[in-house]
Amino acid sequence: MVRKIETSRVAVVTGGTRGIGASISALLHKFGYKVAATYMGNDKAAEAFREKTGIDAVYKFNVADYDACAEYIARIEKDLGPVDILVNNAGITRDAFLHKMTPQQWQEVIHTNLDSVFNLSRLVVEGMRQREFGRIISISSINGLSGQVGQTNYAAAKAGIVGFSKSLALEVASKGVTVNVIAPGYIDTDMVRAVDATILEKIVAKIPVKKLGSADSIARLVAFLADDDNVFITGATFNINGGQYMA
Ligand code: NDP
């Protein structure tokens, strides 16, 4: 079990006001981290998150936009202090078979799910190297490892995160910075609830544990990886998928 720690460390969680990200933000906050939760446009969800968790450091910007990321990382560092932990969680789907996929559907997913990981990691990694401490944890997907029909864009972005993280892990290994990936299976969030009910039923039937995962299960692993004591786990990809895909 993850221990409750006394820490003044600053954690940024992208897409941190809803779904998996909200659970990550709430757990890190509970464990004493200063949490900055970011989101894109759902103000109502962000306000509800703020009220429920008591996390006031909520920032609205597009993770696909490098300049916006630079502006907001600077603002977060001014408000809370240097970023020690980055959780690249924000993501979207724009599903279509490749023969019907538009360039826009391809680009939106690559920009939001993969470029964002470059944008934010690039902006915090220099400081982490200098301070000789950092944790970068990115949320990939089972479908980035196994492939999925209708998701060439999403699977490419999510697989890209794995290669990115292994390479960065090597670059910063001697600098006290660890870089890891979590690849969730089907987790009960808005993203999955948006799937047609009949299709979802078929998906759940194929999960060995016969149910969707909880966002909390992802949050617990993030907290474990973020811990100061986690100095030896780096460049790793963790599957949390109810046994659906064993890589
Ligand atoms: P949700 O759709 O519930 O939440 C997505 C979050 O990302 C929201 O906070 C959203 O902001 C934010 N976001 C989306 N686009 C942008 C953007 N361009 N800039 C900034 N923030 C953005 O997603 P989940 O919680 O289900 O998924 C979280 C992560 O986990 C994603 O990367 C997803 O791909 C991955 N994942 C999810 C699985 C699942 O079963 N749910 C399975 C495997 C992986 P706003 O609230 O403003 O819309």
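In each ligand, atom 1 is the first atom listed, and ligand 1 is the first ligand listed.
- With respect to the salt-bridge test (charged N to carboxylate O, under 4.0 angstrom), the residues K211 and D188 do not qualify.
- At least one heavy atom of G41 sits closer than 4.0 Å to an atom of ligand 1.
- Not a single heavy atom of A215 sits closer than 4.0 Å to an atom of ligand 1.
- When each atom of ligand 1 is checked for a heavy atom of Y186 under 4.0 Å away, the hits are 40 (O).
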Pairs of donor and acceptor atoms involving the side chains of residues 87-99, under 3.5 Å and at least two apart or interchain, shall be tabulated with distances.
from: N88; atom 1: ND2; to: S121; atom 2: OG; distance (Å): 3.4
from: N88; atom 1: ND2; to: S138; atom 2: OG; distance (Å): 3.1
from: N89; atom 1: ND2; to: T14; atom 2: O; distance (Å): 3.0
from: N89; atom 1: ND2; to: G15; atom 2: O; distance (Å): 3.0
from: R94; atom 1: NE; to: E108; atom 2: OE1; distance (Å): 2.7
from: D95; atom 1: OD1; to: Q151; atom 2: NE2; distance (Å): 3.1
from: D95; atom 1: OD2; to: Q151; atom 2: NE2; distance (Å): 3.3

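- Residue contact annotation: H111 has no non-hydrogen atom under 4.0 Å from ligand 1.
- Among G91, A90, G19, the residue whose heavy atom sits closest to atom 5 (C) of ligand 1 is G91.
- Around NZ of K78, the count of heavy atoms belonging to other residues, nucleotides or ligands within 6.0 Å does not exceed 12.
- Side-chain N or O atoms of D84 include one that pairs as donor or acceptor with a backbone N or O of V10 at under 3.5 Å.
- Distance from atom 38 (C) of ligand 1 to its nearest protein heavy atom, with residue and atom name: G185 O, 3.9 Å.
- Side-chain contact between W106 and T102 is absent, with no heavy-atom pair separated by less than 4.5 Å.
- Using cut-offs of 30° and 60° on the angle between ring planes, the pair Y59 and Y72 is perpendicular.
- Looking at heavy atoms from C-beta onward, V192 lies out of side-chain contact with I187 at the 4.5 angstrom threshold.
- Residue contacts with ligand 1 for K60 are absent, since no atom lies close enough (heavy atoms, distance under 4.0 Å).
- Ranking the protein heavy atoms by distance from atom 9 (O) of ligand 1 puts G15 CA, 3.3 Å first.
- Listed by atom number, the atoms of ligand 1 under 4.0 Å from N42 heavy atoms are 45 (P), 46 (O), 47 (O), 48 (O).
- Considering CD1 of I85 and CZ of R135, their distance stands at 7.5 Å, rounded to 0.5 Å.
- Proximity annotation for atom 24 (P) of ligand 1: of I240, T189, D190, T189 comes nearest, heavy atoms only.
- Between N89, I139, N88, T38, it is N89 that holds the heavy atom closest to atom 31 (C) of ligand 1.
- At under 3.5 Å, not a single nitrogen or oxygen of N113, backbone or side chain, sits near a nitrogen or oxygen of ligand 1.
- Remark: ligand 1 and V63 share an N or O pair separated by less than 3.5 Å (distance only, no angle test).
- Contact annotation: for I187 versus ligand 1, heavy atoms closer than 4.0 Å belong to both the backbone and the side chain.
- Scanning the protein heavy atoms around atom 37 (C) of ligand 1, the nearest turns out to be I20 CD1, 3.7 Å.
- Distance from atom 8 (C) of ligand 1 to its nearest protein heavy atom, with residue and atom name: R18 NH2, 3.8 Å.
- A salt bridge is defined here as a Lys NZ or Arg NE, NH1 or NH2 lying under 4.0 Å from an Asp or Glu carboxylate O, and R129 with E126 fails to meet this definition.
- Side chain of T112 to main chain of V109: no donor-acceptor pair is present (N/O by atom type, distance under 3.5 Å, no hydrogens or angles).
- Stacking of R9 on the aromatic ring of F133 is recorded, both the 6.0 Å distance cut-off and the 45° axial limit being met.
- The protein heavy atom nearest to atom 20 (C) of ligand 1 is F61 O, 3.2 Å.
- Using a 4.0 Å cut-off between heavy atoms, A45 makes no contact with ligand 1 at all.
- T14 does not count as a contact of ligand 1, since none of its heavy atoms falls under 4.0 Å from the ligand.
- Using a 4.0 angstrom heavy-atom cutoff, A183 does not count as in contact with ligand 1.
- T198 and D196 share a side-chain donor-acceptor pair at under 3.5 Å.
- Taking the side chain as every heavy atom from C-beta outward, R18 and Y39 never approach each other to under 4.5 Å.
- Residue contacts with ligand 1, taken as heavy atom pairs separated by less than 4.0 Å, involve T112 solely via side-chain atoms from C-beta onward.
- Protein heavy atom at the shortest distance from atom 18 (N) of ligand 1 is N62 OD1, 2.8 Å.
- Using a 4.5 Å heavy-atom cutoff, the side chains of V83 and E77 are in contact.
- Looking at I92 against ligand 1, only its side chain comes within 4.0 Å, counting heavy atoms.
- The single protein non-hydrogen atom nearest to atom 34 (O) of ligand 1 is Y154 OH, 2.5 Å, given as residue, atom name and distance.
- Among all protein heavy atoms, the one lying closest to atom 16 (C) of ligand 1 is M40 CB, 3.5 Å.
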Anything under 3.5 Å between a donor and an acceptor, one on a side chain of residues 232-243, the other on a protein residue two or more places apart or in another chain? List them.
from: T234; atom 1: OG1; to: V179; atom 2: N; distance (Å): 2.9
from: N241; atom 1: OD1; to: G243; atom 2: N; distance (Å): 2.9
from: N241; atom 1: OD1; to: Q244; atom 2: N; distance (Å): 3.1
from: N241; atom 1: ND2; to: Y245; atom 2: O; distance (Å): 2.7

